[in-house]
Amino acid sequence: MRKFQNFIFITIMISSLSFSCKPGTKLSGNGEQVDTFKYIVEQFADLKILRYQVPGFDTLSLKQKELVYYLSQAAIAGRDILFDQNGKYNLAIRRTLETIYETYKGDRNSDDFKKFMVYTKRVWFSNGIYHHYAKDKFIPEFSQDYFKQLIANSDQTKLPLASGETADKFLAKIMPVMFDPNILPKKVCLEHDKDLVLNSAVNFYEGINQHDAEAFYDKMRNPSDQEPISYGLNSKLVKENGKVFEKVYKIDGLYGPAIKEIVKWLEKAAGVAENETQKNGIEKLIAYYKTGSLKTWDEYNVIWVGDLKSHIDFINGFIENYEDPLSLKATWESVVNFKNVEATHRTEIISANAQWFEDHSPVDGRFKKKQVKGVSAKVINVAQLGGDCYPSTPIGINLPNADWIRKEHGSKSVTIENITYAYDQAAKGNGFLEEFSYNKDEVDLVNKYGFITDNLHTDLHECLGHGSGQLLPGVSSDALKNYQSALEEARADLFALYYLMDPKMVELKLLPSTDAAKAEYIKYIRNGLMTQLTRIQPGKNIEEAHMRNRQLIASWCFEKGKADNVIEKKVKDGKTYFVINDFEKLHKLFGELLKEIQRIKSEGDFEGGKALVENYGVKVDPKLHAEVLERYKKLNLAPYSGFINPEYTLIEKDGKITDVKVSYPVDFIGQMMRYGKQHSFLPTYN
Ligand code: ZN
């Protein structure tokens with residue numbers, strides 16, 4: 001599970017809790033921090049490209065640096081897999097756009113060419129032709145005729161043609177996919193009255209409808225299995241000649257050429273592992289990639305979750321199922337990271353008190369874990385992002401996802417501090433906070449406590465929220481089907497929100513005062529009821545799980561607190577604001593909703609979960625939406641961010657590695673073209 005940046009723009013002034021001075025900032029003569037690192041690189045469409053630094057890399061030993069280097073190579077090696085998973089024409093389209101970018105002989109300064117570049121950058125950013133967040137297809141703003149002209153004036157021998165295919169035939173195939181809004185319009189369809197599989201363009205199923213897929217996997221499940229494997233996680237389900245079967249992702253199966261490359265780097269990584277446990281883990285992961293066995297995948301996860309000693313850590317695999325409308329199949333991703341020792345002190349306090357939090361939560365006793373096992377939490381800095389974590393990246397991750405492993409062996413939870421820090425730096429002084437705050441008090445509270453409570457919210461969400469609670473015996477972990485992701489995120493958020501205002505936070509010295517929690521409450525409610533709508537196109541409803549979760553929580557509390565005027569909708573100078581009048585009552589409402597959602601999860605109450613999500617999390621008030629978009633437009637900001645990766649270079653002398661250097665490119669296009677050339681291993685169609 002992952003957590004994305006909750007609040008589109010966060011502005012900070014670090015107050016009583018001290019954080020170390022980050023690289024890239026230095027103290028000027030009068031003690032004020034001066035930024036020397038350029039965080040924002042460029043902005044286009046609704047996206048901006050940021051950079052992050054890797055503080056502490058230079059303090060690693062040579063062996064550790066080598067390990068980061070090999071794991072980073074493995075993290076980029078699977079990039080093509082994600083493109084293909086996100087849609088079967090994505091690699092063809094990306095390679096065509098790259099050919100044009102590289103070889104087009106016409107005018108590169110025209111408006112049309114600029115539009116072509118925006119489209120190309122969006123495809124790179126989204127790892128395909130669907131919006132990375134909204135999941136719907138974005139259409140080029142240049143004409144089909146212009147596209148043909150681009151092709152005609154580019155090197156056609158470099159187009160990704162199938163054997164015997166002419167350029168004209170090729171264009172007739174991909175142009176409707178690019179330009180026709182009615183063809184494969186959505187990557188992931190979550191409209192419950194439609195066939196979710198047939199209406200999703202994501203490339204996990206072929207020739208299959210929802211019923212086929214559900215029947216196929218229902219047959220496999222054994223409700224009494226105490227250690228159920230994650231059926232369907234690493235395969236494409238196809239129907240050929242009337243027969244339904246899986247094409248498994250493995251070294252000699254689907255996506256084999258990319259997996260072979262990943263394995264090559266993992267083998268090198270195993271050779272410089274920090275300790276035996278880590279080495280065993282990497283070798284188990286290699287075995288999984290070679291066999292495709294999901295039992296081996298579980299064994300790997302058990303080793304991985306038990307590895308708490310290694311300084312360097314990583315994930316690499318088919319992990320999250322957000323892109324599958326049936327929540328079975330996982331996209332490929334990788335994150336390489338190492339521990340931020342100082343900041344980890346915060347999460348260690350939380351982990352050490354995990355049982356206390358579980359025991360005191362407002363949840364029904366039957367649904368609580370009697371013994372919370374191995375909630376390990378740390379703050380990390382990422383060194384490399386890959387697959388579904390790149391360029392758009394989470395700020396917190398909690399794994400593994402298999403419920404039985406979480407219950408028996410615990411989970412590892414991380415907050416990614418160099419990413420949240422980059423977000424913070426990039427958001428400074430952009431006017432967003434002022435525009436949507438009702439008064440200066442709100443602005444001041446958020447400025448004073450925003451960064452601390454944001455990070456703490458992430459810590460609580462990841463290392464306690466997702467790890468809390470238990471299913472009743474016999475309840476399947478995917479009983480909530482297409483509502484599972486939204487409800488699971490809501491559960492984790494509510495756990496965090498509820499405890500932020502608990503006196504325990506102050507007692508444990510995690511917050512300077514209960515007032516600090518108010519900053520998070522203000523931002524959360526405002527975001528859930530209003531500002532996250534900046535991410536939604538006019539006329540559209542909310543589809544993405546995290547966004548559904550946030551609106552669900554905020555609008556449920558708004559409605560339930562109406563009688564007591566807990567949250568008040570105010571209009572000033574024609575602008576709408578949501579103001580919290582009673583923080584203590586809101587705290588209680590968070591507790592009530594947490595109790596209900598835990599019940600729904602523990603009992604597998606599909607209808608109850610569906611009603612909550614559909615009634616509170618999906619529908620958008622068109623009038624408020626229009627107003628928010630209008631106010632937001634005036635700020636000229638981009639609602640989504642992604643990151644350029646650092647680049648690592650081996651320094652060798654007389655055939656021996658003597659050092660690994662890190663550098664921070666500023667060129668998004670350059671990195672994308674380099675990845676497309678040097679880290680692309682799959683055929684155009686798989
Ligand atoms: Zn989460």
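Quick note: numbers below take in every heavy atom, side chains included, and nothing from hydrogens, waters or symmetry partners. Both ligands and their constituent atoms are indexed starting at 1 by order of listing.
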| Heteroatom of H466 nearest to the Zn ion (ligand 1) (N, O or S, atom name) | NE2
| query | Does E489 bring an N, O or S atom to within less than 2.8 Å of the Zn ion (ligand 1)? | reply | yes
| field | SB check R548 E489 (cutoff 4.0 Å) | value | no
| field | Geometric class of the W297/Y288 ring pair [parallel <30°, tilted 30-60°, perpendicular >60°] | value | tilted
| query | Considering residues, nucleotides and ligands other than K295, do more than 12 of their heavy atoms fall under 6.0 Å from its NZ? | reply | no
| Hey, is the Zn ion (ligand 1) within less than 2.8 Å of some N/O/S atom on H546? | no
| field | Ring centres under 6.0 angstrom apart (F590, Y521) | value | yes
